[in-house]
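In what follows, every chain begins at residue 1, and chains take the letters A, B, ... in the order their sequences are listed.
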Amino acid sequence: MADDSERVPPPFPEMEQRETDPADGESDEDSDDFEGEDIFTGNSQPSEPKKDPLPPAAPTTSTTTTTSSNTKTNGLHSDDEEQDIFAEATVELALDSPLNNRKREPAQAKPSAPGPSLTVTGPSTLKPPPAKTFEELEEEEEKDAFELNIAVTNPEKVGDGMNAYMAYKVSTQTNLPMFKCKTYTVKRRFSDFLGLYEKLSEKHSQNGYIVPPPPEKSILGMTKVKVGKEDSSSVEFVERRRASLERYLQRVVSHPSLLQDPDVREFLEKDELPRAVSTQALSGAGFLKMINRATDAVSKMTIKMNESDITIVFKWFEEKLLEVESEDQHLRKLLSVVETLVNHRKELSSNTAMFAKSVAMLGSSEDNTALSRALSQLAEVEDKIEQLHQDQACNDFFILAELFADYIRLLTAVRGSFDHRMKTWQRWQDAQTTLQKKRENEAKLLWANKPDKLQQAKDEISEWESKVTQYERDFERVSATVRKEVLRFEKEKATDFKNQLVRYLETLLHSHQQYVLRFNKEVPKEILEFLHVKHFHSVNTSCSLDCRLLHQRGVVGFCKDPYMLEESSDFLPNIIVDGVLQGLYPRDIRVSFTPCTKSWPPTKTEPAASPEASPS
Amino acid sequence: MMDAGIEDNSNHNFSGYDVRVTDAAQNGDTFVYVIKSQQIPSDTEYRVEREFEDFEWLHHCLLTQEGVTGLHGIIFPPLPAKPGTFLSNSEAKTKKKIESLAMVDDWQMYCRALEEYLHLVTAHTVLIKNPAVHSFLKHRELPIKTKVKKGIFNKLTQAVEELRKEHHKDIDDFFQNERDSNLTLTAFTKAAVEKFLEIVLTEQKIAIACGHFSTALHLGIGQDDDPADYAFAKMCLKLSEVLDTVKKNFEKVAENDLNTLGFNLELHSRFQDAEKEMLFRRTCKLVDVETANKNLGQAKPHKKAAMEDIKKAADKEFDEISGMAKVEIQRYHRERVRAFQKALIELSDSQLQTARECCVELKQQLAEFKQLCAE
């Protein structure tokens, strides 16, 4: 994304980010600053040398998205890639979000000056917020001229009672020539997505393509939504579904062959789609599908590749299949472990909340005022920490768990494509056997000397010969497709995982930093209280009553080059964070600054010589 | 062995003894604690080994010391519960698995609790005068070890009495207030302790889950020559490292919690109970006094003199107790606040420290991970 294109000093992006996105831009800044650091420490741009033309879609919001390499230039932006911050930036995606409008600039525009960078990072996924702000995609397509960005946003409940459903807004921005307009916005419901999948899989999976599977149906979840229960679990469910639909669409369009399919285009463009009835659980079509699946399973058991036919190419497929199987198992195990972790974190957050309450009660019934105040302070801190834990749990879930679950489903699709290949092979083999039989028949007839039937037999033979050749070619084709697909899939998977894990780690680090900051706030206040009221000899005699609270001190100074700093929180400049992190403000040391009347959090006026620096 | 030095100590922080419980060793069924003590003015250090029963004996001696005025007005430092139930009872039983992991810390914490008990005893100006304390700390073998067992019958009668006398209105406002506030504080402190221990347990659970996650990531690593898979494997390993850091962090956090606030809250909870007992004893005495007065009023003339004597004795005792109690209560509150403050500060400090360390490590690992991705 802006990784390779950001050549401006990082304070700019921080400023920019904080201006526009104070509450949400947390993880953005992280990535911004990091990207800055990359540049300044001379790291090579994180490029993926083996990337495919259309890199895989990153799920929901990806701050450090698939970074496009500088090597892939295109006519449109080739010169400016060095300075053009927006070279890879995406167009503002969701039309309905004014927040993004402010942050984005049209991708086509070549900014004249290196203004505030455009790390078009969407709001973090730290909380499952109202869907509005959640949709920005910073997609870096490598073909800069041809972009296709999709966002799924704004789940709305349409209708009432048991006939209600959630409608999602699907916004597309593109400059691909095959689309008539540059942008589209349509409303789709879940069954539409399923319908799209059905159509695509009918057409393509026989040829060995790996069609990404849509998110699963969930009767329980949807029923809760329909009934109108507005509790956290149904909100979470809707959010999960929205995010997975978005990822699904992104995967579909990032597949070069699937993108060409008119159905996909129709899905994105048409205002009204015919209701996809065949996706309903309890319908004629549903039953038909179940029966088909059963027969498939049976036939799978009977097909066996002939051992003698195994060539090196075949071996490759066998090995791959085994790999897929083991990977599937691995992912399943990881998924269950992550889910345990998420549950524990949620438990921790609720326990912390309860503890905070009981501490508050203790504090309020305490006679000694100083202690009472300190205890209520503790209660407040614990409350905030509870929020932190909650957020981290959501992160764990949305980033990691969903990632694993998605890939488990994708692996099923991969297996499906292998199966199709098998079927083609089988068909070919069957045709060969039939041909053989026909030839024998012909020989018999020849021997029995029946000329009239002979002609018929000869016709049949030629017919079957052509069939055999055709099937053989089919098989070859399908094999090649499968192979290509699998390779592509693996590459996508690698990049996908990379991005997600980086995001996850960033959020982890961020939440830990928040934890540090919270605790650091607590300490000085308590001492102050105690020392005001009680006078006894304790460990903190060095801290006099003049000792100002942390937030009232001025900035001490640079503890290290601000441009080197990676992460920051949304409301603290790097200096302070790093100072805190390095223990620059231990409570025992008196800092002789005249106390200023700033309040916590401190303003953004950084000593850094950045003209853009402005208080939020 | 009463040194003038000890009695001169008016500063409550300073006891005449420096006592440390350094070790706990398992001796068959029971645990033996090694106690090292040193009387401050002199240089001799004593080392004895004691079992939990010995502590109970000491406590019993303190409670039944003869000839001390106002003994019942003293808030006796609370003895820790019998080992094995150090953590909150319900938790300990249901989360056996976690319990075993925390065992190591548990014993250290328990030693610390015993040490604290001895500190409190030796710091108390009245209690230190009890010869039992000295023999406990210095003699190899303790004198008569009478098994102090509270029979069920005792407990029942005590419970009945408690119910009867607990709500007896006090004549002194100071004490009435104290009793009321004690009641509320006890409840709240107990609740806080429970919740806090739950937090600690959950933190430990998270640490374990992180460990599982970390090992699970290792499972998928095969020897793949495929570059994509290789990269994936490297990522998994790195993530596993990160998770190990997180795990260590959580373990440390739980430890910090336990060592500071957890310890303090637990001690307080027990101290509240001790205070409650003391106030109860005083209330019983008050009831005695009032009964004596009533009897005196109702007494027949020839018994009047005897009643008078009883009344005078009861009055005197009551006054002594009240006097001692007042001093004790004020001292107790001062100490409590101070200890609480110390615990809170220690908690913040240690958590801050741990979080800082973790941040540094995570930062490092994030950088490495990104480096890896860049390749």
*Residues B:Lys252, B:Glu357: salt bridge by 4.0 Å N-O rule*: no
*A:Asp328 with A:Arg332: basic N within carboxylate O range, under 4.0 Å*: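 A salt bridge links A:Asp328 with A:Arg332.
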*Select, from A:Lys357, A:His389, A:Arg345, the one with the greatest count of heavy-atom pairs under 4.5 Å involving chain B.*
A:Arg345
At a heavy-atom separation under 4.5 Å, does [X] approach chain A through its side chain, its backbone, both, or neither?
X        : value
B:Phe369 : side chain
B:Thr189 : both
B:Leu239 : side chain
B:Cys210 : both
B:Val253 : side chain

_Tell me whether the rings of B:Phe196 and A:Phe355 are parallel (<30°), tilted (30 to 60°) or perpendicular (>60°)._
tilted
_Classify the ring geometry of B:Phe340 against B:His268: parallel below 30°, tilted from 30° to 60°, perpendicular beyond 60°._
perpendicular
*asked:* According to side-chain hydrogen bond (donor to acceptor under 3.5 Å, both in side chains), who are the partners of B:Gln330, at least two apart in sequence or on a separate chain?
replied: none
*asked:* Which residues pass the side-chain hydrogen bond (donor to acceptor under 3.5 Å, both in side chains) test with A:Asp383, not counting sequence neighbours?
replied: none
*If you tally heavy-atom pairs under 4.5 Å against chain A, which of B:Leu185, B:Thr354, B:Thr202 wins?*
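Heavy-atom pair counts peak at B:Thr202.
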*Can you say whether A:Ser326 sits under 4.5 Å from chain B via the side chain, the backbone, both, or neither, judging by heavy atoms?*
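Interface part for A:Ser326: neither.
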